[in-house]
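All remarks here apply to the structure that follows.
Throughout, a chain's letter reflects where its sequence line sits, starting with A, and its residues are numbered from 1.
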Protein chains: 2
Amino acid sequence: MCKESNCEKEAFCLCPIRGIVDVVSKKWVMCVLTSLREDPLRYNQIKKNIGEISPKTLSNTLKTLEHEGLIERNVYGETPPRVEYSLTESGKELQIALIPLVEWVRRRENHDELHTGQKSHKKNQIKNST
Amino acid sequence: MCKESNCEKEAFCLCPIRGIVDVVSKKWVMCVLTSLREDPLRYNQIKKNIGEISPKTLSNTLKTLEHEGLIERNVYGETPPRVEYSLTESGKELQIALIPLVEWVRRRENHDELHTGQKSHKKNQIKNST
DNA sequence: CCGCATCCATCGGGATACTG
DNA sequence: CAGTATCCCGATGGATGCGG
């Protein structure tokens with residue numbers, strides 16, 4: 001039994017993915033992973049791709065992803081220095097595992113537009129009562 | 001083209017799911033959704049199921065999930081008051097869409113144990129340099 | 001070019017007490 | 001029972017400047 005939600009049928013418990021969901025929900029992780037889908041990229045290429053990300057945040061994001069085994073960091077001892085980031089096998093498999101979620105989101109957006117004429121979700125979450 | 005990560009092939013871009021991933025990554029969302037998988041539950045039943053969650057946090061979590069259309073809130077005008085929460089169709093479909101992710105996590109945990117004798121990920125992320 | 005160091009604002013979430 | 005009100009803390013991420 002999962003001790004976090006006390007669900008009996010552990011095979012169907014969602015709690016095990018809390019860890020990875022914490023990771024992929026970091027603000028820029030999705031964008032970085034998507035940027036690396038095709039080819040290895042260098043730090044500043046990723047930065048330019050995404051645009052508004054600050055260097056510290058990109059740095060942290062890349063470290064987390066490397067630590068999780070989702071991307072690889074390859075250093076080439078050149079001057080000027082050259083560092084390339086690429087997806088690992090695990091990272092590619094993660095993207096595949098996320099496809100059904102992408103499709104679910106797209107379906108939901110379509111329903112929203114059909115019923116209400118606008119996208120209703122995903123903006124304005126409930127905020128803490130301050 | 002996705003403007004967030006500038007990825008050309010929008011069909012494969014992960015950015016669209018950032019919204020829902022933000023939601024499901026809230027600390028207790030997975031546990032709540034799992035708790036509701038079988039039957040409708042009342043506020044304090046969910047609370048007791050999960051155990052350590054604070055009332056404010058559970059309240060906010062439920063509001064967010066309701067706002068996202070993933071759960072339904074049913075009030076029965078009784079004394080003492082009775083409020084039941086249940087999954088909507090959309091909520092059930094979300095859980096189904098997450099199954100590949102659950103399986104990916106399980107595979108990854110198995111690999112970790114085979115190679116290192118322990119679970120290596122999901123603890124100690126890199127923290128901000130303070 | 002690839003970052004790290006520092007400062008700062010914001011936010012999610014815990015603990016606890018209280019109310020309709 | 002089903003929440004709200006209040007206070008508090010740690011973590012995240014933006015902006016900017018510096019270093020190898």
Going by an N to O cut-off under 4.0 Å, is there a salt bridge joining E109(B) and R107(B)?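 Looking at E109(B) and R107(B), the cut-off is not met.
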Salt bridge or not between K63(B) and E68(B)? Use side-chain N to carboxylate O under 4.0 Å. no
Can you see which heavy atom on L36(A) is nearest to which on Y85(A), and at what distance?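 Looks like CD2-O, 3.3 Å.
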Roughly, in whole Å, what's the span from [atom1] in [X] to [atom2] in [N]?
X      : N       : atom1 : atom2 : result
I46(B) : dC1(D)  : CD1   : C1'   : 13 Å
L62(B) : dT4(D)  : CG    : C1'   : 14 Å
K47(A) : dG3(C)  : NZ    : P     : 13 Å
I50(B) : dG13(C) : CD1   : P     : 12 Å
R18(B) : dG13(D) : CZ    : C1'   : 12 Å
K26(B) : dA11(D) : NZ    : P     : 18 Å
L58(B) : dG3(D)  : CG    : P     : 8 Å
N60(B) : dA2(D)  : CG    : P     : 17 Å

So, OP1 or OP2 of [N]: does either fall under 4.0 Å of a side-chain N or O from [X]?
X      : N      : value
R73(A) : dG3(C) : yes
R42(A) : dC2(C) : yes
K63(A) : dC4(C) : yes
Y76(B) : dA2(D) : no

Within the 4.0 Å limit for protein heavy atoms, which parts of nucleotides 14-20 of chain D are touched? Write it as a string from 5' to 3', B for base, S for sugar-phosphate only, - for none. BBB---B
Taking the side chain of N44(B) as its heavy atoms from C-beta onward, which of dC1(D), dC4(C), dC1(C) lies nearest to it?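 My answer, after comparing the listed nucleotides, is dC1(D).
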Would you mind telling me which residue lines up with the more 5' stretch of DNA chain D, Y43(B) or S25(A), judged by nearest nucleotide?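 This one resolves to Y43(B).
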With the side chain counted from C-beta on, respond yes when [X] and [Y] share a heavy-atom pair under 4.5 Å apart, and no when they do not.
X      : Y      : result
V83(A) : Y43(A) : no
L41(A) : S35(A) : yes
E93(A) : T88(A) : no

Have T57(A) and S54(A) got a donor and an acceptor in their side chains that come within less than 3.5 Å?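 T57(A) vs S54(A): donor-acceptor pair found between side chains.
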